[in-house]
Amino acid sequence: MKSQIADELECVKAKYPAERAALLPALYLAQRKYGWLSAEAMDEVSRELRVPKATVRGVATFYAMYRHKQVGRNVIQLCTNVSCMILGAERLVDIIREKYGVEPGGTSADGRFSLVIMECIGACGTAPAMLVNTDFHESLTQENIVTILEGYR
Amino acid sequence: MIKVTINGREVQLDKQVTILEAARRAGIKIPTLCHFEGLEMYGGCRLCLVEVEKMPRLQTSCTLMVTDGMVITTESEQIAAARRGMLEFILTNHPLDCPFCDKAGECELQDLVYLYGGTEGRFTEPKAKHPESNVDPILARNIERCISCTRCVRMCDGVVGASAISMINRGRHTVMEPFSGGKFDCEYCGNCLTVCPVGSILSRLYKETYRPWQVERTVRTVCGHCGVGCSYDLQVRDEAIKRVIPRIGEGLNRGLLCARGRFGYEFVGAKDRLKKPLVRRDGNLVETTWDEALGFIAAKLSEVIKTHGGEAVAGIASVRCTNEDNYVFQKFMRGVVGTNNIDSAARMGFSGAQAYLESLRGQGVSANVIAGLAKSDVIFVAGGDPTMVTPILGLEIRGAAKKGAKIISLDPAPGLEFFNPHKIVPSLFAEGAVLESLLCRAVSARGMTGELPHLEEAIRAAVSAECAGVAAQSGVPDAEIEKASATISGSQSPAFVIGPDIVQRADGNRNLFLLAALSYVTGGRIFLLSGKANEQGAVDMGCLPDTLPGGRPLAIDGFRKRHEDACGMSVPAREGLSLMEMFPAMADGRIKALYVIGENPAFNLPGGNSIKSALEKLDLLVVQDIFLTETAKMADIVLPALSWAEKDGTFTNLERRIQRVRRGVNREGREDWRILCDLAGRMGAAMEYASSEAVMSEIARVSPVHRDLHYSDIEAGAMQWPYHGEPLRGEASTVSLVTASARPTVGSGRFALLVDRPLFQSGTLTRRSKALLKLIPKATVKMNPLDAASLGISGGIVRVSSDAGSVELEAVIDSSVQMGAVKISNHFEGAGVFGLMTKPPVDPVTKAPAFEGCLVAVEPLKGDAKS
């Protein structure tokens, strides 16, 4: 019964002196595979790294960028911090909510999108900006955001 | 020498310690919340702040080490203000629900707030709310009261090594939770409970039923479960045990306990405890008086002795009774009845194994201090998971591993999984081949010293010249064994931990020989696991068919004569029958009467119906017990005895440390030794003792090992082997070594039936402890995932059938079970593993029953098995 992330994890483990040291990247790997860190995902990391599972959970819940809820197929991380807010990011939140039926922090009924409101993502010069999964999109407008999101099924 | 000044007083220290420790040594108390003796440093609560001259801010005394010339102030207006401030912060969320919090009265936070103030908070925000979690059967979790001191997590992770709980989330959202977020699903040692300074972790066994100041008696005693012998306090109210609490840092367990010890005491107050003697009339057991019951036994026993001789009587002593009980029992059997047919359930592996190891390496070879495991750099574990059989000894192994010791485990030991063990998993029952290969390599790597010629001769005869290939039949690659061998050979102080599973084999003696030889060649110490509180005591008290108290063989006339003189009673010269030999003798009529104290052979011995039918043939079966066990139900007379919590005496643990058992609860029933003395009087022999202490005085006179040992010595600490006495010198000149004939082969739907030894159950006592019963409520059959898959089993009820019968049990898939084997525990009525075993083979040397010969078929039951 080989674990789903085992192969990739071997490469990650090789970079560290001890298995335990690979915990953060291993969690990230598990999150990429499963979309979020379910109990099963954390258990798998625990078994692969031989780190007790409660310790794994303690670490995973400490960091903000690990997800502990089921998310949609695509995760929108939209910035609403000062620059983005001045340039209309809050209106963009409304558009996403209306068009796809997803609340900030929630997931659309069809599981297509999850929306996460971000603090500054470091793109103030080209605000408003967002990340969809790992893709970066800047200079968003009420028009182009729909076009961009339509590209994600 | 480091000199520091604390509160104007000069303090001298021989080594660097924290300021907190330095102050403690000088008798100055600094308040703390997150600090706890033995846990990793943390410095989180900021209550131990002190002023250190030339340092800018207040410093945490629990993390700062003293340096020479330091000037420290531990109490000042500034410090008091800072402490008050910290308490005010803690109280922004900690509810002031002391009137109904269980911890009130022994709460560290409560005491500190009382001392420094801080209740009149300036924060207007409402306190955080968390409903109390009561989903766990044993532990309640009240997170509102949690002050995030992380003591519980540091205990669980750093000391126990279970790592079942952690602080999750961050900042003010931080809470302590087990992995599941609900149930703890842990080892339930409850050591988190010991360290929690507030009422955040609570035991549901006594929650809301008492106040700490309502405890009527606190009695220091020793745990009655396994052979480690942890010390703790029984707290008693209304003649019932309210709770068990350890004393921090004290005893060989240093304040740590396990699930059985901490939560397994409820059987003492069980409703079905025996209260009155029972006698069989018209086929039924009915209540009677002590006078009538003892009169009946005396008459009947005398009749058997008169007609058939003393050797027609056999006695089974108890591995749960005190040394005093067992001593008096063997004296009664030998001196009054006139038989050496005495044995105990220690015969199931422990006593025979020890006697054999001693014949190879000398008396006391297994009397090694458990704490010494921490000094071992290599620990070889064979024949059982020590974290389950003897949990606190298991913690010692984990602790050694944390300090860098290498663990080698022969066969799976799931409790050591996170401690980087080198796991060697041979095919079923093939451990001997691995051991032989290891021994062969050790001999060529180290040579032999010539210290024990008889053993060396046997070793030379046992190992082949060519080491490689020996292990081929075990299925373990040579490289694996070479690696383990290199680890062992490179060790300065290896320890060999021997569990019951490797002894209970048809050639258990060969496994033991190889382990003894390996430990001899590598200079290792032996730890023999004992699952019951006084197995060692039953052995040392002479509850053996061939040995007198103090380990003197009765076959040697000189020893027997000296013993007779010392105790004033004669001892028959002929060796008696060992435990597993008694039942065939009952079946064929050689034994007519059996006297059992604190044991349940009808259930606890392998052999299923053959044991019961042997018991049925007896003319007289007398049982002294605290419950109406399966054996007691068959008895002619049942006498209500007392549990360990209700009597005074001593236990001898697996390291041969003698410790005091003290009466905590008063209850109906009599001590086993008192019953026997009364009976001896009625049979015309004088056996009178004023107290258990008087029995010990006689033991101290009679046993050459326990010479001059009195309760005062034991209490003062002179309780470790060899006490004041003399171990027997000189080993056997010949080494008996018997190799088993062909083993039964598993496969084609037949599985080897093995004994499961879980952490939370150990049988008769624990299945009457409500809390432990919630953790393992019923018997299950454990099997390897691959075996289960091949039968289409993924849980649900299965039928397990052997030649002796069949049971229907829930299947549990467990990857720690070896391929080809299934495991069932022997704890639940009607579903014990021993009931499925037809007459098991017996190791000819250790006389221990072997559990490898029983093959069973497993089939899923339609409708229950999930696909």
Side-chain angles (χ1 to χ4, degrees), chain A residues 1-6 9-10 12-14 16-24 26-28 30-31 34 36-71 77 104-105 116-120, chain B residues 40 136 141 148 150 152-187 192 387 398 401-402 404 407 414-423 784-789 794 813-816 819:
Chain A
M1 279 166 286
K2 204 168 161 82
S3 142
Q4 280 200 40
I5 59 170
L9 203 51
E10 283 311 313
V12 176
K13 278 200 274 192
Y16 295 90
E19 287 181 321
R20 201 182 176 93
L23 181 53
L24 291 181
L27 283 168
Y28 195 66
Q31 174 159 300
Y34 299 105
W36 65 296
L37 293 178
S38 60
E40 292 73 29
M42 287 189 280
D43 199 7
E44 194 176 321
V45 170
S46 159
R47 271 182 281 116
E48 290 295 330
L49 294 187
R50 291 195 284 179
V51 172
K53 56 186 184 176
T55 312
V56 171
R57 182 162 178 257
V59 171
T61 55
F62 183 84
Y63 294 99
M65 287 171 75
Y66 292 123
R67 291 188 288 266
H68 296 278
K69 271 190 294 189
Q70 177 93 54
V71 288
Q77 295 179 299
V116 179
I117 302 298
M118 296 293 280
E119 300 309 323
C120 188
Chain B
E40 206 176 297
D136 192 85
R141 198 163 69 249
S148 297
T150 77
C152 52
V153 175
R154 283 178 287 146
M155 170 56 84
C156 187
D157 198 42
V159 178
V160 175
S163 304
I165 51 175
S166 62
M167 301 307 288
I168 67 154
N169 302 331
R170 179 158 44 156
R172 67 182 190 88
H173 301 290
T174 307
V175 294
M176 179 279 285
E177 268 189 11
F179 180 76
S180 75
K183 277 191 184 180
F184 278 82
D185 281 333
C186 61
E187 296 175 2
C192 52
T387 63
R398 287 176 175 176
K402 284 203 165 193
I407 311 287
L416 299 171
E417 191 64 25
F418 286 117
F419 297 85
N420 198 23
H422 176 190
K423 286 185 278 188
N784 184 282
L786 296 176
D787 284 337
S794 64
I813 313 299
D814 186 338
S815 54
S816 72
M819 285 274 285

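Only heavy atoms go into these numbers, but all of them, side chains included; no hydrogens, no water, no symmetry mates. Residue numbering restarts at 1 for every chain, and letters A, B, ... go by the order of the sequence lines.
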message: Using heavy-atom distances under 4.5 Å, tell me whether A/V51 contacts chain B through its side chain, its backbone, both, or neither.
response: backbone
query: What do you reckon, is NZ of B/K423 surrounded by more than 12 foreign heavy atoms closer than 6.0 Å?
result: no
message: Using heavy-atom distances under 4.5 Å, tell me whether A/A60 contacts chain B through its side chain, its backbone, both, or neither.
response: neither
- prompt: Just by distance, do the side chain of A/R57 and the backbone of B/P178 share a donor-acceptor pair under 3.5 Å?
  reply: yes
field: A/T61 side-chain N/O to B/N169 backbone N/O, donor-acceptor pair under 3.5 Å
entry: yes
task: Write out, in numerical order, the residues from residues 153-164 of chain B with a heavy atom short of 4.5 Å from a heavy atom in chain A.
output: B/D157, B/S163, B/A164
message: For A/Y34, I'd like to know if atom OH has over 12 heavy atoms of other residues, nucleotides or ligands within 6.0 Å.
response: yes
- prompt: What do you reckon, is NZ of B/K402 surrounded by more than 12 foreign heavy atoms closer than 6.0 Å?
  reply: yes
query: Does the side chain of A/S46 reach to within under 4.5 Å of the side chain of B/F418, using non-hydrogen atoms?
result: yes
- request: Let me see the working for B/M167 and A/F62 under side-chain contact (heavy atoms from CB on, under 4.5 Å), right down to the final yes or no.
  value: CA-CA 9 Å; B/M167 301 307 288; A/F62 183 84; over 6 Å; no
